Amino acid sequence: MRLADIVIDIPTKSLDGTYTYVLPADVPGHEPHVGSAVVVPFGPRRVIGFIVGVREADATDADKKLKGVIEVVSKSFFDELGAECARFLAERYVAPLSVCVRLFTPPGAVPKVVQGALGAWRIESPSVGEVDDRWVTLGDIPFQPKSNAVKQIAVMDTLRRGDIKISELNSTYGNVSAAVAALEKKGALRVERRRRVRTGMPAAMPASESVYRVDELPLDLTCGQEQALSAIHAAYDAACGEVVLVDGVTGSGKTEVYLQAIARALAEGKSAIVLVPEISLTPQTVARFRGRFGDAIAVLHSRMSAGERYDQWDLIRAGEARVVIGARSALFAPLQNLGLIIIDEEHETSYKQESAPRYVARDVAEWMMRRRGGALVLGSATPSIEALYQAHTRPSWHVVSMPERANGRPLPQVEVIDMADEFRSGAREMFSARLRRALIGELEAGHKAVLLLNQRGFARFLLCRDCGFVPKCTSCSTTLTYHDRGNRLICHHCGYSVAAPPVCPSCASPYLKKFGVGTQRVEDELRALLAAELGEDASVPVIRMDADTTAAKGAHRRLLEQFASEARAVLLGTQMIAKGLDFDDVTLVGVINADTQLHMPDFRAAERTFDLIEQVAGRAGRGELPGRVMVQTYEADSVAIRAAALYDRDMFLRSELPKRRVLKYPPYVRMANVLTWGKDEHAVRACATLLREQICARVRESDLIDWEVLPASPCVFERIRNDFRWHVIVKCQHDGDVSAVLHDIYRGAKPAKGVNVAIDVDPIDLL
Ligand code: ADP
Ligand code: ZN
Ligand code: ZN
């Protein structure tokens, strides 16, 4: 008798773990495999489950009263290693197994079981699946339509040039269904259904027609690229999950290294995954891969429709696409023989999932490559401090640096503009005189500029426009966060709270500004400035890219293509423009507010500020024309900004690492953030407090040394969408097993009604 271990598709921790069912030999539906969705009885209900293991019954199963699988309702979504990966995720990130299994299924592709009239259970087909087109093709019987059968003649003429979709015939000649039916009856043509593959991305364009440069043939590698590639080859040959960190400046040609590493994997029958941050998954990026590998490429990202994702997923599963480019979740694509995972812009925060399971793609990818016997490549111009730390402390990690641009051009000069100075000398605008002059100069010369508005610092804070003073907590030196409620400043480190002052406590200036500007306002100011300086009819296109202007499908791509095709233009945007854009003719990059992030009560604030400046600077001067970068800031003295302007990472690390060590932050410790939220603040607080007591008790009982469990406290974002938020921060040694401790507590916890609990292991921030 065969048994199946099944994960019930209900995302609650009370049903966590697997349940055993009998797998009858004649079970209806699809072939039963690991990864298949099934319908099983569950108490009085029928539910969907996923097979995660199949085995023969043994003596221990003899006296269990097992129920049987009713029907297998899908093909397999994942294999044994996928099932194992789901278990790994559930344990490491303290999440229900069912949610982890769901990472492997394309959205909308799993059938549902619903209860209908009189309590009958019925299986509802998935909302997405294959779509067909109706095609016509020439039949075997030669046929000449009558001379007055105009549409028949048109159809036959078209067909002689090749097969065509009926929908295309309809749009060219008007409704052709009668003509097609008549011709089909005569045997002059055949109508067939053919699978249509929805791609969600433009098809491969010949390089000459593309607005982007695409190198279809491998390039001769630079010396740095050679070294990086041979390090990757060595890790690939070792086939045991080694990691190569490619630390290459912007424009050093990391993509070419990836392309050649993938080419080798493909030649050896392996497949590869390339993760890129969602915002740099642009048509330009995809075109570079498609230009080299053509139809072997599949693309997966969240801006695609469910149908598009399903088709891409199916191509991968069928083995037709062997290279997957995608955002974080592409890690779970059903590739066979996976030999290589590449994570570009490894430092990006979008590689952390912010809902259960809250996984870190880098760590999951490393686990996968170890299990599958492949290699992991991490690339960045600004590797995360965690990655650098591992590269220097773990023998299975290697680092190669590419300090020069592939075209031999220098990195652009970065000028820091002290906005407090500007303000004192009378300037009241968002744009300093120097940035304004530079911008107009470049536009007059027919060049392009990119302006970045740093919006990630949206926790608001007060800033004195006269002296640059920012209120800080006297005991923690973290920036105080401004709260509308009660007009107060609060320290999110220690809980200190004080009424917001009416004038600057340092210089008594009344110009205290609540920081947090929108792109729309900057755009208005920019247009006014261009009109004033260049004349009303100069018409320099200003292209704004932010969450609003890129919400519509394809908008992102249209805006970038517009920017590419203009002779001179300004691209104004949020973080989403800082990455991966490769335009030859951008000669000026301006950062309007480099420091907003610095004031975030976030232990990674300085690191992110450093990264952002280096990344955005990398958008300038990529071609023949030299580039320059101007960084406006009220914190001209901060190490993160000064070091970034000098491209001096060591200088930054020398200041940052000791702080991390003393304050006990990664990479020196591991952390978990235990979050509770709900409408009732008392209940939320009580729940957080109770969880903390349980964790403390557990730490004491198990004699865990060097563990630190901070008091339950309100989160920085203490209220989101009417939910109150509290948290408990847990720290342990950098190799401590924070997951195991929290997993027990999480499963045992019975939170009050209306209070949610989530555990964020290796959190990206503590907000
Ligand atoms: P990165 O990802 O490191 O910022 P890219 O991969 O975008 O850099 O490469 C920057 C530019 O240099 C691209 O236009 C690319 O075509 C070009 N390039 C890369 N490698 C070479 C090479 N070996 N020879 C000539 N040009 C190269
Ligand atoms: Zn002041
Ligand atoms: Zn404080």
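FYI, side chains are in, hydrogens and waters are out, and symmetry mates aren't considered; it's all heavy atoms of this structure. Keep in mind that what you see is a predicted model, and the values were worked out from it rather than measured. Indexing begins at 1, ligand by ligand and atom by atom, following the structure's order.
Residues Leu300 and Phe332 are not in side-chain contact: their nearest non-hydrogen atoms beyond the backbone lie 4.5 Å or more apart.
Less than 4.0 angstrom separates some heavy atom of Arg288 from each of these atoms of ligand 1: 5 (P), 6 (O), 7 (O), 9 (O), 13 (C), 15 (C). Here is the list of ligand 1 atoms found below 4.0 Å of a heavy atom in Lys254: 1 (P), 2 (O), 3 (O), 4 (O), 6 (O), 8 (O). Heavy-atom proximity to Ala406, at under 4.0 Å, picks out these atoms of ligand 1: 12 (O), 18 (N), 19 (C), 20 (N), 21 (C), 27 (C). Close contacts of ligand 1 with Thr250, meaning ligand atoms under 4.0 Å from a residue heavy atom, involve 4 (O). Atoms of ligand 1 found under 4.0 Å from any heavy atom of Val249 (numbered from 1 in listed order, with element): 3 (O).
If you check the side chains of Gln260 and Glu256, you find a donor sitting under 3.5 Å from an acceptor. Side-chain polar atoms of Glu614 and Thr382 form no donor-acceptor pair below 3.5 angstrom. Side-chain contact, Glu607 with Ser384: no donor N or O sits under 3.5 Å from an acceptor N or O.
Screening Leu275, Ile297, Ile273 for a side chain to side chain contact (heavy atoms under 4.5 Å, CB included) involving Ile325 leaves a single residue, Ile297.
Side-chain atoms of Arg358 come within 3.5 Å of backbone N or O of Glu354 as a donor-acceptor pair. Side chain of Gln632 to main chain of Met430: a donor-acceptor pair is present (N/O by atom type, distance under 3.5 Å, no hydrogens or angles). Between the Ser271 side chain and the Gln336 main chain, a donor and an acceptor come within less than 3.5 Å of each other.
Taking distance alone, with nitrogen or oxygen atoms compared against 3.5 Å, Gly251 approaches ligand 1 more closely than that limit. Residue contacts with ligand 1: Asp220 is placed with a nitrogen or oxygen under 3.5 Å of a nitrogen or oxygen of the ligand (distance criterion only).
Heavy atoms of Gln615 found under 4.0 angstrom from ligand 1: none, in either backbone or side chain. With a 4.0 Å cut-off on non-hydrogen atoms, Gln225 touches ligand 1 through its side chain and not its backbone. Using a 4.0 Å cut-off between heavy atoms, Thr255 contacts ligand 1 through both its backbone and its side chain.
Between Gly248 and ligand 1 there is no heavy-atom distance shorter than 4.0 Å.
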